[in-house]
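Shown next, in structure tokens, is the structure this report addresses.
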Amino acid sequence: MTVVTRFAPSPTGFLHIGGARTALYNWLYAKHTGGKFLLRIEDTDRERSTPEAVEAIFDGLNWLGLTADEEPTFQFARRDRHAEVAHELIKAGKAYYCYCSQEELQEMREKARAEGRPMKYDGTWRDRDASEAPAGVKPVVRLKAPQEGDAVISDQVQGDVRVANDQLDDYVILRGDGTPTYMLSVVVDDHDMGITHVIRGDDHLTNAFRQKALYDAMGWDVPTFAHIPLIHGPDGAKLSKRHGALGVDAYRDEMGFLPEAVNNYLLRLGWGHGDEEIISQDQAIEWFDIKDVGKGAARFDFAKLTNLNGVYLRQADDTRLANDIAPLIAKQIGVDAIDAAQKEILIKGMSGLKERAKTLIELADSSAFYVTDGVTSFNEKAQSLIDSAPEGLFAELAKELDALENWTEENVDASVRNIAEKLDQKLGKVAQPLRAVLTGSNSSPGIFEVMIVLGKSQTLKRIRKFDAQ
RNA sequence: GAGGCCAUCGUCUAGCGGUCCAGGACCUCGGACUUUCACUCCGAGAACACGAGUUCAAAUCUCGUUGGCCUCACCA
């Protein structure tokens with residue numbers, strides 16, 4: 001049997017980090033088993049679903065590389081099919097019309113709660129004849145759920161979970177206006193799409209029992225379920241906007257994370273393979289099995305994600321990184337886009353730059369000095385390094401460096417060391433002020449590397465600004 | 001309130017009855033390297049929620065307690 005998994009978000013907002021992990025696990029499991037990964041947009045909530053959200057979800061998934069093997073299914077478009085199934089169930093005596101009003105339902109729940117019973121529909125219309133129906137009420141359709149015995153789900157993550165059927169009620173599958181509810185839509189779509197493994201958040205665990213009753217009523221095979229624990233915020237509470245429940249686009253655009261780092265982090269959040277931490281996508285596909293996902297909820301930790309991002313940043317291709325930060329730098333230096341020459345400089349300096357950054361944001365911040373003409377601002381420490389530089393240092397540097405014929409790292413290195421000796425200073429006393437005038441900062445890639453990447457004329461231009469000092 | 005799920009360092013996890021006075025990573029703190037910062041390396045800190053039981057032997061199995069989470073809509 002070929003495995004078919006799916007990711008089924010409702011387009012009521014961006015793709016959040018928990019959804020991204022669910023998608024990743026579904027994708028990985030499909031790849032691991034040589035199966036298929038499908039996408040279904042659950043847009044049956046017409047009030048809250050938006051085309052923008054659909055776009056945001058596709059965008060996020062594409063960024064993470066979690067692409068579906070077939071065209072996505074849009075649930076709302078299948079509403080007639082869903083209703084058809086509901087009517088089939090009525091015909092088969094496995095579902096029935098219910099004419100209860102909202103008020104009656106509300107009373108039912110309050111009474112149940114007061115008596116310490118589960119808050120469920122009491123089956124008022126389960127066996128009542130339609131002739132008793134009140135006039136003018138558009139009935140809903142309820143599934144005749146089993147009332148005795150236990151229902152068992154063999155969950156791939158949670159193990160065997162058992163619930164007594166008397167805890168479950170005859171839930172609504174078709175609304176008064178004839179539209180399907182989520183419970184009906186999911187089951188019909190998962191069945192029609194041939195989904196073999198339903199991997200989703202464990203907030204759906206109790207829904208699985210309701211859905212099982214529907215599969216059984218239709219005589220359909222129940223898919224294998226795997227309910228993965230939810231992700232919590234750093235404080236252990238449910239993930240909210242203040243924590244990580246941002247769209248993945250925020251992780252990309254505002255925080256500067258790399259997709260491979262996010263995937264690796266998400267993979268390790270709830271799953272492990274021995275002592276492995278840095279796991280390539282191919283390795284993940286080979287190792288990942290849904291059965292190995294942990295049962296406990298995990299907290300989201302930005303520090304670890306950031307560290308991981310640093311690892312991937314250092315491994316990343318220089319040209320790719322230069323392209324990634326190009327728009328950020330352009331914005332920073334106030335141009336529409338940086339030119340080819342500037343891009344070249346960034347690529348040239350990237351090996352020294354990427355070692356010092358953990359995110360693309362940091363990388364852009366620390367790279368901008370390379371592409372400006374002169375240094376546009378000096379931080380406090382740089383300013384004080386310049387102020388306390390040995391007398392005549394900059395004039396001396398300008399003179400000596402200008403005289404250099406071959407502008408190589410070896411030569412500028414020797415030249416600067418010479419000057420330090422000549423002025424009877426330690427190298428640091430010369431290198432630090434030099435760094436300050438060249439970069440505007442007290443920290444940067446190796447100073448000789450900076451001089452080479454900057455080039456002779458730009459280096460001298462920056463030094464000469466202070467040679468009167 | 002009713003049902004369900006969960007529980008190893010601050011965090012993510014390894015561990016699937018003996019090899020664990022519990023391993024790795026992040027984190028924090030020392031140190032080495034060094035022209036700064038970073039990288040890298042070395043070292044330190046830090047956990048089996050609690051209580052019973054099963055067993056020659058329990059982080060690993062059972063039960064209870066406590067704590068956390070999820071669900072209980074004509075939302076998905």
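Chain letters run A, B, ... following the sequence lines, proteins first, then strands; residues in each count from 1.
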- Determine, for A:F7 and A:R40, whether the Lys NZ or Arg CZ falls below 6.0 Å from the six-membered ring centre while staying within 45 degrees of the axis.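 Negative - A:R40 is either too far from the ring of A:F7 or too far off its axis.
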Select base, sugar-phosphate, or nothing to describe what [X] touches, counting heavy atoms under 4.0 Å on all strands.
X: A:E42; value: sugar-phosphate
X: A:Q102; value: base
X: A:G352; value: nothing
X: A:L305; value: nothing
X: A:S443; value: base
X: A:V140; value: base

- Walk me through it: do A:V293 and A:F288 pass the test side chain to side chain contact (heavy atoms under 4.5 Å, CB included)? CA-CA 9 Å; A:V293 173; A:F288 186 81; 4.0 Å; yes
As a test of reading the structure: which of [options] is closest to the side chain of [X], going by heavy atoms?
X: A:A298; options: B:G24, B:U13, B:U40; answer: B:U13
X: A:R142; options: B:C74, B:U35, B:A76; answer: B:C74
X: A:L105; options: B:C74, B:C69, B:C27; answer: B:C74
X: A:K358; options: B:G3, B:A38, B:C5; answer: B:A38

- Provide the Watson-Crick or G-U wobble partner of B:A25, both distances under 3.5 Å; none if there is no partner.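 For B:A25, the partner nucleotide comes out as B:U11, under the 3.5 Å rule.
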- Query: For B:A49, which nucleotide is its Watson-Crick or G-U wobble mate, given both distances must be under 3.5 Å?
  - Reply: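 Here B:A49 is engaged in a pair, and the nucleotide opposite it is B:U65.
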- Message: Is it the case that the ring center of A:F466 lies less than 6.0 angstrom away from the ring center of A:F378?
- Response: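 Yes; A:F466 has its ring centre under 6.0 Å from that of A:F378.
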- Could you give the distance separating B:U71 and B:A57 at their P atoms, to the nearest angstrom?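 The same atom, P, in both gives a distance of 43 Å.
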- Separation of atom CG in A:D301 from atom C1' in B:C27, rounded to whole Å: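 Atom CG in A:D301 sits about 8 Å away from atom C1' in B:C27.
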